[in-house]
Student: 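Would you mind keeping the following structure in view while I ask a few things?
Treat the numbers as computed from the prediction; the structure is a model and nothing was measured. Order of the sequence lines fixes the chain letters, A, B, ..., with proteins taken first and strands second; residue numbering starts at 1 for each chain.
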Amino acid sequence: MHRESRGRRLSSSNRGTTTVTEQYDPKALQAKWQRRWEELDPYRASEDPADPRERRYLLDMFPYPSGDLHMGHGEVFALADVIARYWFQRGYNVLHPIGWDSFGLPAENAAIRRDAHPAEWTYANIETQATSFKRYGISFDWTRRLHTSDPGYYRWNQWLFNRFFERGLAYRKGGLVNWCPQDQTVLANEQVVDGRCERCGAEVVRRELTQWYFKITDYADRLLDDMAQLEGLWSDRLLTMQRNWIGRSEGADVLFTIEGREEPVTVYTTRPDTLFGATFFVVAPDAPLADEIVAPAQREAFEAYRAEVAKLSDIDRLSTEKEKTGVFLGVHAINPVNGERIPVWAADYVLSDYGHGAIMAVPAHDQRDLDFARKFALPVRVVVHTGLADPGETGEATPGEGSLVNSGPLDGLSKADAIKKIIGILSEKGRGKAAVNFRLRDWLLSRQRFWGTPIPIIHCPDCGEVPVPDDQLPVTLPDLRGEALAPRGVSPLASATDWVNVECPKCGGAAKRDTDTMDTFVDSSWYFLRYCSPGYEDGPFDVEKVRRWGPIDQYVGGIEHAVLHLLYSRFFVKVLHDMGMLDFTEPFIRMLNQGQVINRGKAMSKSLGNGVDLGAQIDGFGVDAVRLTMIFAGPPEEDIDWADVSPAASQKFLARALRVMSEVTSEPGVSYTGGDLELRKVTHRTVDEVTKLVDSYRFNVAVARMMELTTAARRAIDAGPGRADPAVREAAEALAVMLSLVAPYVAEEGWERLGGSPSVAKAGWPEVDPALLVQESVTCVVQVAGKVRDRLEVSPDITDAELEALALGSEKVQAQLSGTPRRVIVRAPKLVNIVP
RNA sequence: GCCCCCGUAGCCCAAUGGCAGAGGCAAACCCCUUAAAAGGGUUGUAGUGCGGGUUCGAGUCCCGCCGGGGGCACCA
């Protein structure tokens, strides 16, 4: 336990033998240094405005407290910690906070099972995770800890809701929504994956409900355009996912008249050039328009069809094998360019919430329309000559380029020219215009569950939707537990009658609270701002503090949030920017999406029985070895198959490294200049390379370099200048600092044994002496016709001409040559290629 | 169906268009040891999924295929 006794033993021990090795005992180091870190508090971010250090904000996606930390946490937090610790070493004032995303369904389900309150389960798990984080040695500033389920936090969700409401960005509307029958709540589009609930996997069904929405579609164009700021800083994969999700398309709005209806009906199309090929018209069955225009004779058939469609789950509806269905509405539409009467149908392949919920159908050039036309024997008219066979015959629509036919003024034009011309014609006649559409839908916000933020609205029979005044926030949750939380299809809050029945804040009359809670993605859409001033009482965050720390320099988390949390947070930040509370428009400058930890080629799961427990790994190999294994396994974005890696090997390496650091006998502060030049060069080259590698997030390669330096130092001790040489100290000290990014306990212990103090976290990154990076000679490869024929030791600053002469003079080269070479390529000092 | 990424030793992974191997696992052998463990050291194995092309030179760039992974998908 005591450094002095250990040091004495080391210095008096026999060089060359290895009897000095003591067992590397990770548990003892963990216990020792965890205590010391509590005292030293080396990772506290400074709020001192006079602090001259540049500020950096590093953030990990905060965890949901479901039990203890798992392998996935182990990876993401180890990765982010490399960056945080690197920044500390480079002298930045680093903000690296932690908190918990502590509202959510699992707590509620646990509470029902155990007849308890969700808070009990939640906060117990938080404590478990906090203890594990401390053991895991992550460099958090613990003073900023937050939990989204604290009233002091969710109060500001409500405050922000009120602001959104004032700006028309929070609104209520009825319509078909995604309903998860398992979780008994509605879901946002982003939470439905392949027709299933993203959380529980149950098949999502459609329900007609009135719900709260955030108007994220108002920001669709900015969410797309501002991605220019993220180019190169977020992965292409992630940016593509967001782009696809937002789904911008360009086309035209065209006004059709419906016979017997005063107002014309607008349709959106990306192919206005094919307007002359429209042979029928389709309305989404669930659109109000369909209900309005259906002819009395067709009403019965229509309503039966609509009921049929409403019963379909997303899975059925989206099935590509599914046959087209629909029903004639008994009315006709008039094509604005040729006056043609075309029948109006209702069909579920038209969606009520995209475009205007109605389309013009051009079966010749759109496969979906063609499938429908063939099923119901509707006419097919080719208006773009593509050179392919008639779609009416083949059943294959021809959506490609071609020249226009059967299209009056458009005849002979190309697709692009025809689009331009028809938009001009429509605009002149006031029958249409160019238009842009987005796939993105508004964010469905309300949830029929308990453990979330109550929506701060009071429904008054006279005043309508009345926000709870800011000074009465937070609206706290009523005290419900156990059975009272069981899902019934309506929010459990509805059963708390005392809580529900209130006075209207406006008129004082009897009114009722809204009984839904907010999607928990609201909580995570701004938590990163709260960290800058976690106890702030006068608003969600201190604007000045966020100005200082924000935006987040580096965010680390899973790609599964590509169109969830990351999209929502970007939206929130833009709204807050428009409110004048933020001076930036993107929250996360740089994003790193780590891969998953898997086992034997498959995601870990209970049913496969291939789960690996983080705690057990740590117990077996120690924190540092587990962290090192995560980092060394491969590039951060790639999955780690735990079956392919070896925490035992990591542990061995750490023991080696610690031994090297323990065996140094020179005094701290000794001048390195007299030290062994070879080793000094290795050290400086390693530091130089590790710096570049960490800068470019190639941590696995950086670890490999540290391993090489360890080997070099080992050799210097055993078979070189020996442990007393100052170069050995220099190497060991550099190793301790670099290793501290990955293996903080071993680094800290090694640093202490080297006589450093008080914490390696404060040591500072080693400086590279450029003079020690210079090589006296380099090996030049001489190729003849691309094949290596000779190697020359040359000076690194040799000129091309000198090198060429040298290469041509080589005997081995001459043996390959007959006559004058045709060409000689010289890349001094490393390569000469002679083309005979 | 459309779009993106990846295929390098038995395995995980390196390689600004310039000697295919940095690092690790596993394997074999040697030293140390009464022995084992721990420790120290040595060694091999791939011509880069396949086929073309560009280039003095291709794992790297381009085209096509095969295999794996991912995103979007009845979005008009």
Student: Answer with yes or no whether the side chains of Tyr349(A) and Thr325(A) bring together a donor and an acceptor at under 3.5 Å.
Tutor: no
Student: Could you please name the option among A14(B), A76(B), G41(B) that lies closest to any side-chain atom of Pro635(A)?
Tutor: A14(B)
Student: Determine the contact category for Ser249(A): base if any of its heavy atoms lies under 4.0 Å from a base atom, sugar-phosphate if only primed atoms, P, OP1 or OP2 are that close, otherwise nothing.
Tutor: sugar-phosphate
Student: Taking atom C1' of C56(B) as reference, at what distance in whole Å does atom CG of Leu831(A) sit?
Tutor: 10 Å
Student: How close or far is atom C1' of C5(B) from atom CG of Asp639(A), stated in whole angstroms?
Tutor: 13 Å
Student: Measure from the side-chain heavy atoms of Phe632(A) and tell me the nearest of A76(B), G23(B), A14(B).
Tutor: G23(B)
Student: Here's a test of your reading of the structure: between Glu638(A) and Lys830(A), which maps to the more 5' nucleotide of RNA chain B?
Tutor: Glu638(A)
Student: Under 4.0 Å between any heavy atoms, over every strand shown, what does Arg656(A) touch: base, sugar-phosphate, or nothing? Just pick one.
Tutor: sugar-phosphate
Student: If you define the side chain from C-beta out and look only at heavy atoms, does anything of Phe699(A) sit under 4.5 Å from Leu79(A)?
Tutor: yes
Student: If we take the C1' atom in both G69(B) and C62(B), what is their distance in whole Å?
Tutor: 23 Å
Student: Can you tell me if Asn700(A) touches the phosphate of C12(B), counting only side-chain N or O atoms and a distance under 4.0 Å to OP1 or OP2?
Tutor: no
Student: Select base, sugar-phosphate, or nothing to describe what Arg441(A) touches, counting heavy atoms under 4.0 Å on all strands.
Tutor: base
Student: Kindly say whether, by distance alone, the side chain of Arg827(A) makes a donor-acceptor pair under 3.5 Å with the base of G18(B)?
Tutor: yes
Student: Among C25(B), C12(B), G40(B), which is the nearest nucleotide to the side chain of Ala649(A)?
Tutor: C25(B)
Student: Mind checking the C1' distance from G49(B) to U8(B)? Whole angstroms is fine.
Tutor: 10 Å
Student: Could you verify whether a donor N or O on one side chain and an acceptor N or O on the other, from Thr398(A) and His365(A), lie under 3.5 Å apart?
Tutor: yes
Student: So Phe372(A) and Trp345(A), would you call those rings parallel, tilted or perpendicular, with 30° and 60° as cut-offs?
Tutor: perpendicular
Student: For the side chain of Met241(A), starting at C-beta, report the closest nucleotide among G71(B), C56(B), G39(B).
Tutor: G71(B)
Student: Which comes earlier along RNA chain B counting from the 5' end, the contact point of Val193(A) or that of Leu440(A), where each point is its nearest nucleotide?
Tutor: Val193(A)
Student: Mark yes or no for whether Gln367(A), through its side chain, and Ala397(A), through its backbone, hold a donor-acceptor pair below 3.5 Å.
Tutor: yes
Student: Please report the distance separating the C1' of G17(B) from the corresponding atom of G59(B), rounded so that it comes out in whole Å.
Tutor: 11 Å
Student: Salt-bridged, Arg714(A) to Glu663(A), with N to O below 4.0 Å?
Tutor: yes
Student: Expressed as a whole number of angstroms, how long is the span from Ile640(A):CD1 to C13(B):P?
Tutor: 10 Å
Student: Checking contacts here: which listed nucleotide (A22(B), C12(B), C72(B)) is nearest the side-chain heavy atoms of Val701(A)?
Tutor: A22(B)
Student: Considering every strand shown, what is the Watson-Crick or G-U wobble mate of G64(B) when both distances are under 3.5 Å?
Tutor: C50(B)
Student: Please give the distance between the P atoms of U45(B) and G41(B) as a whole number of Å.
Tutor: 22 Å
Student: Could you let me know what C2(B) is paired to, Watson-Crick or G-U wobble, both distances under 3.5 Å, or none if it's on its own?
Tutor: G71(B)
Student: Would you mind telling me which of C56(B), C11(B), A14(B) lies closest to the side-chain atoms of Asp644(A)?
Tutor: C11(B)
Student: If you measure from the C1' atom in C25(B) to the same atom in G18(B), how many Å do you get, rounded?
Tutor: 30 Å
Student: Looking only at atom C1', what distance separates G44(B) and C6(B), rounded to whole Å?
Tutor: 29 Å
Student: Between C74(B), C56(B), G70(B), which one does the side chain of Tyr349(A) approach most closely?
Tutor: C74(B)
Student: Where does G59(B) land, syn or anti, once you apply the within-90°-of-0 test for syn?
Tutor: anti
Student: Between C1' on C74(B) and CG on Asp366(A), what's the gap in Å once rounded to a whole number?
Tutor: 9 Å
Student: Check whether any side-chain heavy atom of Arg570(A) lies under 4.5 Å from a side-chain heavy atom of Gln242(A), and answer yes or no.
Tutor: yes
Student: Nearest whole angstrom, please: distance from the C1' of G39(B) to the NZ of Lys652(A).
Tutor: 10 Å
Student: Closest to the Trp245(A) side chain: G24(B), C72(B), A14(B)?
Tutor: C72(B)
Student: Which part of the nucleic acid, if any, lies within contact of Val362(A), taking any heavy atom under 4.0 Å across all strands shown: a base, the sugar-phosphate backbone alone, or nothing?
Tutor: nothing
Student: Sort out the partner of C29(B) for me: Watson-Crick or G-U wobble, both distances under 3.5 Å, none otherwise.
Tutor: G41(B)
Student: Do Asn833(A) side-chain and C56(B) base share a donor-acceptor contact under 3.5 Å?
Tutor: yes
Student: Counting side-chain heavy atoms from C-beta on, which of G24(B), G18(B), A76(B) comes nearest to Leu351(A)?
Tutor: A76(B)
Student: Just call it for Val781(A): base, sugar-phosphate, or nothing, with non-hydrogen atoms closer than 4.0 Å on any strand.
Tutor: base
Student: Classify the nucleic acid contact of Thr269(A) as base, sugar-phosphate or nothing, counting any heavy atom under 4.0 Å across all strands shown.
Tutor: sugar-phosphate
Student: If you measure from the P atom in C74(B) to the same atom in C12(B), how many Å do you get, rounded?
Tutor: 36 Å
Student: Indicate whether any N or O donor in one side chain lies under 3.5 Å from an N or O acceptor in the other, for Thr386(A) and Glu401(A).
Tutor: no
Student: Write down the distance separating the P atoms in G52(B) and A58(B), rounded off to the nearest Å.
Tutor: 14 Å
Student: Could you check how far CE of Met706(A) sits from C1' of G24(B), rounded to whole Å?
Tutor: 14 Å
Student: Does any part of the side chain of Phe281(A), heavy atoms only, come nearer than 4.5 Å to the side chain of Val267(A), both counted from C-beta?
Tutor: yes
Student: Quickly work out the Ile598(A) CD1 to C11(B) C1' distance and round it to whole Å.
Tutor: 14 Å
Student: Could you give the CG-to-P distance, from Asp718(A) to U42(B), as a whole number of Å?
Tutor: 11 Å
Student: What does Gln367(A) touch in the nucleic acid at a heavy-atom separation under 4.0 angstrom: a base, only the sugar-phosphate, or nothing?
Tutor: nothing
Student: For Arg237(A) and C4(B), is the shortest distance between a side-chain N/O and OP1 or OP2 below 4.0 Å?
Tutor: no
Student: Look at Arg243(A) and C2(B) and indicate whether a side-chain polar atom (N or O) is within less than 4.0 Å of OP1 or OP2.
Tutor: no
Student: From A14(B), A76(B), G41(B), pick the nucleotide closest to the side chain of Tyr354(A)?
Tutor: A76(B)
